[in-house]
**Q** 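Here's a structure for you.
Letters go in sequence order (proteins before strands), and every chain restarts at 1. These values consider heavy atoms only, across backbone and side chains, with no hydrogens, waters or symmetry-generated copies.
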Protein chains: 2
Amino acid sequence: MPSLSSGLLGDLDPTSDRAVFRQIADQLREAIDRGRFKEGEKLPSEAELVEHYGVSRMTVRNSFSVLQGEGLVHAEHGKGVFVRPRPPVRRLASDRFARRHREQGKSAFIVEADAAGSHPQVDSLEVKEEKASQDVSTRLGSVRRVLARRRRYLLDGRPVEFATSYLPLDIARGTPIAEPNPGPGGIYARLEELGHRLDHFEEEIRARMPSPDEVRTLRLASGVPVIHLIRTAFDQEGRAVEVCDTVMAADAYVLSYQLPAT
Amino acid sequence: MPSLSSGLLGDLDPTSDRAVFRQIADQLREAIDRGRFKEGEKLPSEAELVEHYGVSRMTVRNSFSVLQGEGLVHAEHGKGVFVRPRPPVRRLASDRFARRHREQGKSAFIVEADAAGSHPQVDSLEVKEEKASQDVSTRLGSVRRVLARRRRYLLDGRPVEFATSYLPLDIARGTPIAEPNPGPGGIYARLEELGHRLDHFEEEIRARMPSPDEVRTLRLASGVPVIHLIRTAFDQEGRAVEVCDTVMAADAYVLSYQLPAT
DNA sequence: TTTGCCCACTCGTCTATACGAGTAAGCGTG
DNA sequence: CACGCTTACTCGTATAGACGAGTGGGCAAA
């Protein structure tokens, strides 16, 4: 059978000064927006579109690359080009570090994911002492070396977040914080037990395109940005006791904050 | 003179299974990261790279498109391909809506930008009544029609943010809030004067690639995501009195929040 | 039936070529 | 000197063709 697309897609406007590949991208985008192609569904193949529009294959591929850059579709070698499904998002609420959430045994990530019916995992655990980067050193108040705790979070097998915590050695060395598993309530519970009663957190949020490294560790599709969150924890003496650097797949997260109007 | 690039760029590895255009992208990326090409500087032209690597022009263009997708470079027709300069970022602190900031005459955006030495502008003002979207209606508690206040913010001539505030008609109609210029302290000051004493805000943050529309209104370079922020303002009776939907150029913003450890 | 191969279809990579259009500098003319 | 043209260089768009490699179904052989 010839192009299934015929019914769903229109013709090109040769008088338009809009580039042909843009016109094709526009039509595909609109068809997707209108739900003519649903999430996960296969778009017409390159060959079909070449046929339908009477253009060369590179032109069709150019259209697809536009849509890929917008994060709308993704290509699978040997299979086709598909409408990118929106994954379930993880909501991070601003009270997620409240003391009351810290009393339980399991980490917030596990508890929350279980509740949402998905399968959580944490891997790539690494705990080691290292030299503090300029930025981390500044945030922690001029420390030279730090304890770094790295881990990757996965939901239903998909990596969604990569995080590194940095703590001053004089606080963390020789404590459960320096163990791979710091115990119930996580490192914040341990910090409080060690006498660093937490006062508040500061979070800085940026969004940007991922580095090739991040594309690899988070298995990101093209057209998916990352949210870069840097949290600093302060104890009641005003000392920065931890910096946590987190990179999240932006399509898997919604951050939520509550601000006083005071 | 032949390629200036010769000194800065290496050779291809024909034995590698990494695609040629990726190898070229890798080398350019690394050169940029190492500072061999500085912000705003011109990369070697397509022709020079064709010459240097002995590949076809489409292969070089493919490399550039990879880097463009990463937001590292941008092309200017007739001029060349340049390392994308990081614009000055605007910091949004979580206390930006505190009452004490609301007493002055000018809007927070103007005050802040002036202080930072940049030239702020607000344009595309539009104030009108319209049908509430499903989402806005839900957030405001099932209102059918709303007052919508749209505006675009620019820094030194560059659009950085596009925002729309939605307010229930029973609150806003016939008040200064329905005027293009709501007066000193903005609409939050007016809301409080009207007896809606503000209690707190809720902010939801997402990051994603921009729609073609957003690319146009924010004049976004390719490879620049947007931060999508939805703020809901609640008064002391617990009623949602405003929803503000904001789309920001992600390369121009850092959001900063302070969370209690309680 | 099961195994394994082949083939058709898919996207990925690369070449070669052509023309269009924006930019900027040089040069000659008025 | 000032203006406008030419020209060389830049990226943008599009064509046509070639080969490679992943996927999955069908068919033939064991």
**Q** Output yes when at least one side-chain N/O atom of B/Arg61 is less than 4.0 Å from OP1 or OP2 of D/dT13, else no.
**A** no
**Q** Can you measure A/Arg18 atom CZ to D/dG12 atom P for me and round it to whole angstrom units?
**A** 15 Å
**Q** Between B/Phe82 and B/Gly40, which heavy-atom pair has the shortest distance, and what is it?
**A** CD2-O, 3.4 Å
**Q** Using side-chain heavy atoms (C-beta onward) and a distance below 4.5 Å, is A/Leu220 in contact with A/Pro210?
**A** yes
**Q** Determine whether B/Arg208 and B/Glu214 make a side-chain contact, defined as any pair of heavy atoms from C-beta on separated by less than 4.5 Å.
**A** yes
**Q** What's the verdict on side-chain contact (heavy atoms from CB on, under 4.5 Å) for A/Glu130 and A/Val146, showing C-alpha distance, side-chain angles and the deciding distance?
**A** CA-CA 6 Å; A/Glu130 60 185 45; A/Val146 288; 4.3 Å; yes
**Q** Considering just the side-chain nitrogens and oxygens of A/Thr59, establish if one lies under 4.0 Å of OP1 or OP2 belonging to D/dT15.
**A** yes
**Q** Assign A/Phe21 to base, sugar-phosphate, or nothing according to its heavy-atom contacts below 4.0 angstrom with the strands shown.
**A** sugar-phosphate
**Q** Grab the CG-P distance between B/Asn62 and D/dG12 for me, whole Å please.
**A** 13 Å
**Q** Can you confirm whether the side chains of A/Tyr53 and A/Gln23 place a donor and an acceptor under 3.5 Å from each other?
**A** no
**Q** Can you confirm whether A/Lys131 is buried at NZ, in the sense that more than 12 heavy atoms of other residues, nucleotides or ligands lie under 6.0 Å from that atom?
**A** no
**Q** Any side-chain donor-acceptor pair under 3.5 Å between A/Tyr253 and A/Glu161?
**A** yes
**Q** Using a strict 4.0 Å threshold on nitrogen-to-oxygen distance, state whether B/Asp245 and B/Arg139 make a salt bridge.
**A** no
**Q** If I take atom NZ in residue A/Lys42 and atom C1' in nucleotide C/dC11, what distance separates them, rounded to the nearest angstrom?
**A** 10 Å
**Q** I need the residues from residues 212-224 of chain A with at least one non-hydrogen atom less than 4.0 Å from DNA chain D; give them sorted by number, or say none.
**A** none
**Q** Contact class for A/Arg22 vs. all strands (heavy atom < 4.0 Å): base, sugar-phosphate, or nothing?
**A** sugar-phosphate
**Q** Write down the distance between CG (A/Leu12) and P (D/dA14), rounded to a whole number of angstrom.
**A** 9 Å
**Q** Could you list all N or O pairs between the protein and nucleotides 22-24 of chain D that sit under 3.5 Å apart?
**A**
{"residue": "D/dG22", "atom": "N2", "partner": "A/Gly78", "partner atom": "O", "Å": "3.2"}

**Q** So, are B/Arg29 and B/Glu70 salt-bridged, with charged N and O less than 4.0 Å apart?
**A** yes
**Q** Output yes when B/Asp26 and B/Arg22 qualify as a salt bridge under the 4.0 Å nitrogen-oxygen rule, no when they do not.
**A** no
**Q** Grab the CG-C1' distance between B/Leu49 and D/dC9 for me, whole Å please.
**A** 15 Å
**Q** Distances under 3.5 Å between protein N/O atoms and the N/O atoms of nucleotides 17-19 of chain C, please, pair by pair.
**A**
{"residue": "C/dA18", "atom": "N6", "partner": "B/Arg57", "partner atom": "NH1", "Å": "3.4"}

**Q** Looking at side-chain heavy atoms only, is the closest gap between A/Val73 and A/Ile32 below 4.5 Å?
**A** yes
**Q** Calculate the interatomic distance between A/Ile24 atom CD1 and D/dT13 atom C1'; express it in whole Å.
**A** 12 Å
**Q** Salt-bridge test for B/Glu112 and B/Arg91: reply yes if a basic N is under 4.0 Å from a carboxylate O, no otherwise.
**A** no
**Q** What is the distance, rounded to the nearest whole Å, between atom CD of A/Glu48 and atom P of C/dA8?
**A** 17 Å
**Q** D/dA8 P sits how many Å from B/Glu46 CD, rounded?
**A** 19 Å
**Q** State which of D/dG12, C/dG12, C/dT15 makes the closest approach to the side chain of A/Ala75.
**A** C/dG12
